[in-house]
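Throughout, numbering of the chain's residues begins at 1 and tracks the sequence.
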Amino acid sequence: MMNRRTLIEAVAAAAALPFLNRVASAQTSPKTKNVVFVHGLFADGSCWSKVIGRLQKKGVNCTSVQNPLTSLHEASEAARRAIAAQPGPTLLVGHSFSGMIVSEVGADPKVTALVYVAARAPDAGEDYTALAKNYPTPPATAGIVFNDDWGQLSEEAFLHDFAGDLPREEARVLYAVQQPFKKSLTTEKTTNAAWRIKPTFYAVSTQDRTINPDLERFMAKRMGAKTIEIKASHLALISHPDTITNLILEALAVCDSCTLVAPVTADNARD
């Protein structure tokens, strides 16, 4: 038979259960249910497939933009169309070069937070190429082959320097679907720095041979991003999809308490 103290504790626990259930529900079922993904160079929208499948199982609505890789303006417009099509608050996620697109369009009022995966994160109006020269040139750069104005990675550079921690068979399939990029794309500058006004998350790839890992660390620290480090190649989104998915889920939970302010542009970034 229960003594009086045990009975009181049981009643208290029962009373607290609905509250605890609500807290648990809030942590696992954030109000922000939409994620827009953008891919970088040497890839297409399918590169997010492993992460998308994991998020869909948790009820998250996912859209992967087919980045045209022609100009920053056209790539940004493709991302804006995808954001506009979302039914509510949206998390924006970018890999590699598409970090520039995230920075450019992430000030959209519908976007509540940003996730960068081994991605470029320039300030408004900043010359990313000049910034990158402060660090040793990553090996993949030497593997870019141009056909007139269009570039892509050679198979050797793709397998060794871009997707070095993936099984060779899987990496060769990804090599076959890489999209060529227009040479002028790599010299363009963003006009916005959305990471200055939005909650930001960054995944550093410590074995990256496409973007210098120390440059990734610098950009993440400058943004004040919640940062994780993954022992991975440039393609952590494929080689470590569980880790990237968990970071996105964390960002989705934070989204629900976001407060939005005016965007930072090239004109006021350093005021």
Quiz item: If you measure from CG on Asp214 to OG1 on Thr206, what distance do you get to the nearest 0.5 Å?
Solution: 10.5 Å

Self-check item: Distance, nearest 0.5 Å, that separates CZ of Phe218 from CE of Met223
Solution: 10.5 Å

Quiz item: Are the side chain of Ser154 and the backbone N or O of Ala157 linked by a donor-acceptor pair below 3.5 Å?
Solution: yes

Quiz prompt | Min side-chain heavy-atom separation Thr70-Leu185 under 4.5 Å | solution = no

Practice problem: Can you measure from CG (Leu91) to CG (Asn34) and round to the nearest 0.5 angstrom? | Solution: 9.5 Å

Quiz item: Are the side chains of Thr186 and Phe181 in touch, meaning some heavy atoms are under 4.5 Å apart?
Solution: yes

Exercise. Mind checking the CD-NZ spacing from Gln56 to Lys58? Nearest 0.5 Å is all I need.
Key: 13.0 Å

Self-check item: Lys/Arg N to Asp/Glu carboxylate O, Lys50 vs Glu170, below 4.0 Å
Solution: yes

Self-check item: Pro213 backbone acceptor or donor facing Asp208 side chain under 3.5 Å
Solution: no

Exercise. Report yes or no: does Asp165 contribute a side-chain atom to a donor-acceptor pair with the main-chain N or O of Ala232 at less than 3.5 Å?
Key: no

Quiz item: Side-chain donor-acceptor pair under 3.5 Å between Thr190 and Asn192, yes or no?
Solution: no

Quiz item: What is the ring orientation for Tyr116 with Tyr202, classed by angle as parallel under 30°, tilted 30 to 60°, or perpendicular over 60°?
Solution: parallel

Quiz prompt | Summary of salt bridge (Lys or Arg N to Asp or Glu O under 4.0 Å) pairs that have at least one residue in residues 147-159, sequence neighbours excluded | solution = Glu155-Arg172

Quiz item: Any idea which heavy atoms bring Ile211 and Ala118 closest together, and the distance?
Solution: CD1-O, 3.4 Å

Practice problem: Check for a donor-acceptor pair, side chain of Lys198 on one end and backbone N or O of Asp108 on the other, with a separation under 3.5 Å. | Solution: yes

Quiz prompt | Side-chain (Lys226) to main-chain (Thr200) donor-acceptor, under 3.5 angstrom | solution = no

Exercise. Determine the minimum heavy-atom distance between Ala203 and Leu247, stating which atoms define it.
Key: CB-CD2, 4.0 Å

Exercise. State whether Arg196 and Asp123 are salt-bridged, where the test is any N-O pair (Lys NZ or Arg NE/NH1/NH2 against Asp/Glu carboxylate O) under 4.0 Å.
Key: yes

Quiz item: Side chains of Ser96 and His234: do they bring a donor and an acceptor to under 3.5 Å?
Solution: yes

Quiz item: Does a side-chain heavy-atom distance below 4.5 Å link Phe37 with Leu55?
Solution: yes

Practice problem: Keeping the roles fixed (side chain from Asp127, backbone from Ala130), state whether a donor-acceptor pair exists under 3.5 Å. | Solution: yes

Quiz item: Going from OG1 on Thr129 to CZ on Arg120, what distance comes out if it is rounded to the nearest 0.5 angstrom?
Solution: 6.0 Å

Quiz item: Between Glu104 and Thr191, does any side-chain donor sit less than 3.5 Å from a side-chain acceptor?
Solution: yes

Exercise. Using the side-chain hydrogen bond (donor to acceptor under 3.5 Å, both in side chains) rule, collect all pairs that involve residues 77-89, keeping only residues at least two apart or in two chains.
Key: Asn61-Gln86, Thr63-Gln86, Glu77-Arg80

Quiz prompt | Qualifying residue, where the test is side-chain contact (heavy atoms from CB on, under 4.5 Å) with Pro241 and the options are Ile52, Val51, Asn246 | solution = Val51

Quiz item: Between Glu74 and Leu72, is there a donor-acceptor pair closer than 3.5 Å when you use the side chain of the first and the backbone of the second?
Solution: no

Quiz item: For the rings on Phe97 and Tyr128, is their centre-to-centre separation under 6.0 Å?
Solution: no

Quiz item: Under the 3.5 angstrom rule, does the side chain of Trp48 hit a backbone N or O of Val38 as a donor-acceptor pair?
Solution: yes

Self-check item: Inter-residue atom distance Thr243.OG1 - Ile230.CD1, 0.5 Å rounding
Solution: 5.0 Å

Self-check item: 4.5 Å side-chain heavy-atom contact, Pro138 and Asp161
Solution: no

Quiz prompt | Side-chain donor or acceptor of Ser233 paired with backbone N/O of Leu235 under 3.5 Å | solution = yes

Quiz item: Salt bridge or not for Glu126 and Arg222, using N-O below 4.0 Å?
Solution: yes

Practice problem: Return yes if some donor-acceptor pair links the side-chain N/O of Thr90 with the main-chain N/O of Gly88 below 3.5 Å, else return no. | Solution: yes

